[in-house]
There are 2 protein chains.
Amino acid sequence: MPATIRDVARASGVHISTVSRTFSAPHLVNPETRVRVLACAEELGYRPNRAARALITGRTHNIGLIIADIANPFFPPLIKAAESQARHRDYHVFVADTNEDPVAEEELVHAMAKQVDGVLLCSPRMSNSLIEQLSREVPLVVINRQVTGLPCVMMDVAQGARLAIEHLLDLGHRKLALLSGPRGSWTSRELRRSAVAAARSGGAELTVLGPNPPTETGGAGLADQVRRAEVTAVLAYNDLMAIGLIEGLDALGIRVPQDVSVVGIDDIALSRLTRPKLTTVATPTAAAGRTAVDMLLQHDTGVRARGVRNGTSDDRRTTAQVMLQTELVIRDSTAPAPLDGRNRPGAACTDPDPDPHCTAGPGHPATATTGDVVAS
Amino acid sequence: MPATIRDVARASGVHISTVSRTFSAPHLVNPETRVRVLACAEELGYRPNRAARALITGRTHNIGLIIADIANPFFPPLIKAAESQARHRDYHVFVADTNEDPVAEEELVHAMAKQVDGVLLCSPRMSNSLIEQLSREVPLVVINRQVTGLPCVMMDVAQGARLAIEHLLDLGHRKLALLSGPRGSWTSRELRRSAVAAARSGGAELTVLGPNPPTETGGAGLADQVRRAEVTAVLAYNDLMAIGLIEGLDALGIRVPQDVSVVGIDDIALSRLTRPKLTTVATPTAAAGRTAVDMLLQHDTGVRARGVRNGTSDDRRTTAQVMLQTELVIRDSTAPAPLDGRNRPGAACTDPDPDPHCTAGPGHPATATTGDVVAS
DNA sequence: GTGAAAGCGCTAACAC
DNA sequence: GTGTTAGCGCTTTCAC
């Protein structure tokens, strides 16, 4: 029903290619014809079909952003930053939410593949090998995960976890718990690795509880386990779980921070609103969104049509991997360890579920840069 | 670089149309050839190009969802519900966030137009006439707004406001304030109209403060104005503003609900987490998301290609307008009016800014149904 | 059951 | 500066 380029051509008495030029290269067309064409287009309500255009040019000027859970307040700052950065470069961002479901994740990549020039995969739950496979279908930038051979933007949660644990050690805590995140989460794995190491080297005992859904409910449901573990301090996979845990503990009559200290991760806006205000590891989410867009668009010349098939195109995009720094924000949910019996460490660190299926190798890659620098 | 249908045809020794059928109408192709084709496709990593397919079929199997502010916790339940409903009908949802910016809103509709089969416009800030114009480019369902001639899903905030005001009147409040929402918001206008009427008919005085950004910061910034207005109760445009206001009042030493009662709108998850827990008008956001998807897909036969141009297609989609019910949830942020001087009503209702540019006419349309029924 | 041919709406050489 | 021509990757009549 909408008017096509042909309708406009007919109405303004020119060839369709002139109409095309009027929109995609106005300077190449006589000012007089241009105004006539524009007038007819306006009249007919004509709009270039971006999908058809993309079929030829190979550029949609859209970016896909796939998110594990749009309801998690961790993501909006990242989304907004990505949108704003994309907008500056004349791109639009389409967001999709997978509900933490790896299958939906894969489907969405396929659904988006040909409607966007690239996809930012944020906190993916699928396997590394699948990610690599999908990256052959559409350019991918991976956020919150390390996949060798692909551009990645990571936040240094390992460093954050170390800072958090050290903070707790400083406060005299010796029996700690870590609430781990979802299975398949690279972040959760990094976190666990680093927290275990930091606790061990500080001579503290650390119990890992999980995996868990990264939600408030997930945290609240762990209150009883935390009590039975007889720990005096807890590091949670994210702020949402930390806040849920505090609620849950409250319901059991356990006070934070007097009885138990709690540290979150992310520094979402909400963490400043709850009582007590949450001590947490701030992750640079906005910077991550911006950086990911930059990395995607960096080498995106988009020349896909025509002669390129013959192979002269330099496909060698430098796959940078960026590690963004985190920092500890101390607020009111942590306090000196109480002086009761709980605080004598017993057994060594307990880690029931090492979740090996999600990373490429131990530790950080040699290629990783530190800081939020990326060529733009 | 990715394999095309032609590559697969060549590899499997059949014509491209056979490959096409293998994917879009498998039953029409000989099982033996089918497996061969499928094998080659797998081998080459072939995936049908959905954009090219859509160019012919007229169906993308995608839905666009345009949201005023993805960081507002009001939206995620709506988004999730829409996604889940879409998924059941084999559709994907692409979300975009406009940052409350009408210009971005329009741009996004254009950007999405040909990549989706329809757009859900949620809480639009643009003008009615522009919405109507855009609806000629792509099928539109409008959420949280009434636009004559277009399918709309609305929440009965007018009723909610009345319930809220009556609740406050019952508690003895006679000097009230309304924190209005953003300019251009249909909801804000409905809210104001209804609140003013309810206050007047209850013999109370109501001061309208605004327009305001619908955020926590927006609410916090109004604390001083609220104090100077010497009111004993406040109805806020949404929960975020209500929570912000409570924070702001707290900073001024004004206690909620002892000194001032506060009512929000939306019943976001957060409203149960703050202290005091928020009294609020619950809006059926998930139902709205589901309903909007249903309405969009209802008549979506998607036949746009080929013969349809000759005009026999019955384009007469019944444009239902659905009004969903709201309800008052009483928690801890409202209490009986304090017995001090403030509570004697003085002047009549004050409404400094009637914001006329956003609605079609006064009151609810005759066509509006009540309840969440919509033919599916 | 499969191939041939036309064409969705548009852009990009290449002539003139 | 404008028209001609050839497709982008795919689906869909229509023959055979």
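Quick caveat: nothing in here was measured; it's all calculated off a predicted structure. Residue numbering restarts at 1 for every chain, and letters A, B, ... go by the order of the sequence lines.
Between A:Thr4 and A:Asn49, every side-chain heavy-atom pair lies at or beyond the 4.5 Å cut-off.
Within the 4.0 Å cut-off from OP1 or OP2 of C:dG9, not a single side-chain nitrogen or oxygen of A:Thr4 is found. Taking side-chain N and O atoms only, B:Arg6 has a distance below 4.0 Å to OP1 or OP2 of D:dC8.
Applying the ring pair (Phe, Tyr, Trp, His ring centres under 6.0 Å) criterion to B:His61, with sequence neighbours excluded, gives B:Tyr91. Residues passing the salt bridge (Lys or Arg N to Asp or Glu O under 4.0 Å) test with B:Arg6, sequence neighbours excluded: none. B:Glu132 is linked by a salt bridge (Lys or Arg N to Asp or Glu O under 4.0 Å) to nothing, counting only residues two or more places apart in sequence or in another chain. In this structure, the side chain to side chain contact (heavy atoms under 4.5 Å, CB included) partners of B:Leu28, at least two apart in sequence or on a different chain, are B:Arg21, B:Ala25. For A:Arg34, the side chain to side chain contact (heavy atoms under 4.5 Å, CB included) test picks out A:Thr22, A:Pro26, A:Val29, A:Pro31, A:Leu38, with sequence neighbours left out. The side chain to side chain contact (heavy atoms under 4.5 Å, CB included) search around A:Asp69 returns A:Ala71, A:Asn72, A:Asp97, A:Glu100, B:Lys80, not counting sequence neighbours. A:Arg47 meets the side chain to side chain contact (heavy atoms under 4.5 Å, CB included) test with B:His110, B:Glu137; sequence neighbours excluded.
Between B:Cys40 and B:Val8, the shortest heavy-atom contact is CB-CG1, 4.3 Å.
If you measure from atom NZ of A:Lys114 to atom C1' of D:dG9, you get 10 Å, rounded to the nearest angstrom. Atom pair B:Ile56:CD1 and D:dT11:C1' shows a separation of 4 Å (rounding to whole Å applied). Look at CG on B:Leu55: it is 4 Å from C1' on C:dC8, rounded to the nearest Å. In this structure, CZ of A:Arg59 is placed 16 Å from C1' of C:dA12, rounded to the nearest angstrom. As rounded to whole Å, 12 Å separates atom P of D:dT11 from atom NE2 of B:His61. Rounding to whole angstrom units, CZ of residue B:Phe23 and P of D:dT12 are separated by 15 Å.
Counting only heavy atoms from C-beta on, B:Ile5 has its side chain closest to D:dT11 among D:dG7, C:dA12, D:dT11. When distances are taken from the side chain of B:Ala52 to each of C:dC10, D:dC10, D:dT11, the shortest belongs to D:dC10.
At its two ends the helix from C:dG1-D:dC16 to C:dC16-D:dG1 runs along axes set 40° apart, each axis drawn from five pairs and the angle rounded to 10°.
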Between the protein and nucleotides 1-5 of chain D, list the N/O to N/O atom pairs that are separated by less than 3.5 angstrom.
residue, atom, partner, partner atom, Å
D:dT2, OP1, A:Thr33, OG1, 2.8
D:dT2, OP2, A:Asn30, N, 2.9
D:dT2, OP2, A:Thr33, OG1, 3.1
D:dG3, OP2, A:His15, N, 2.8
D:dG3, OP2, A:Thr18, OG1, 2.6
D:dG3, N7, A:Ser17, OG, 3.3
D:dG3, N7, A:Arg21, NH2, 2.9
D:dG3, O6, A:Arg21, NH1, 3.3

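Note on B:Arg47: only backbone sugar-phosphate atoms sit closer than 4.0 angstrom, heavy atoms only; bases stay farther off. Among the protein residues, B:Tyr46 comes within range of the sugar-phosphate backbone only, with heavy atoms under 4.0 Å from sugar or phosphate atoms but none that close to a base.
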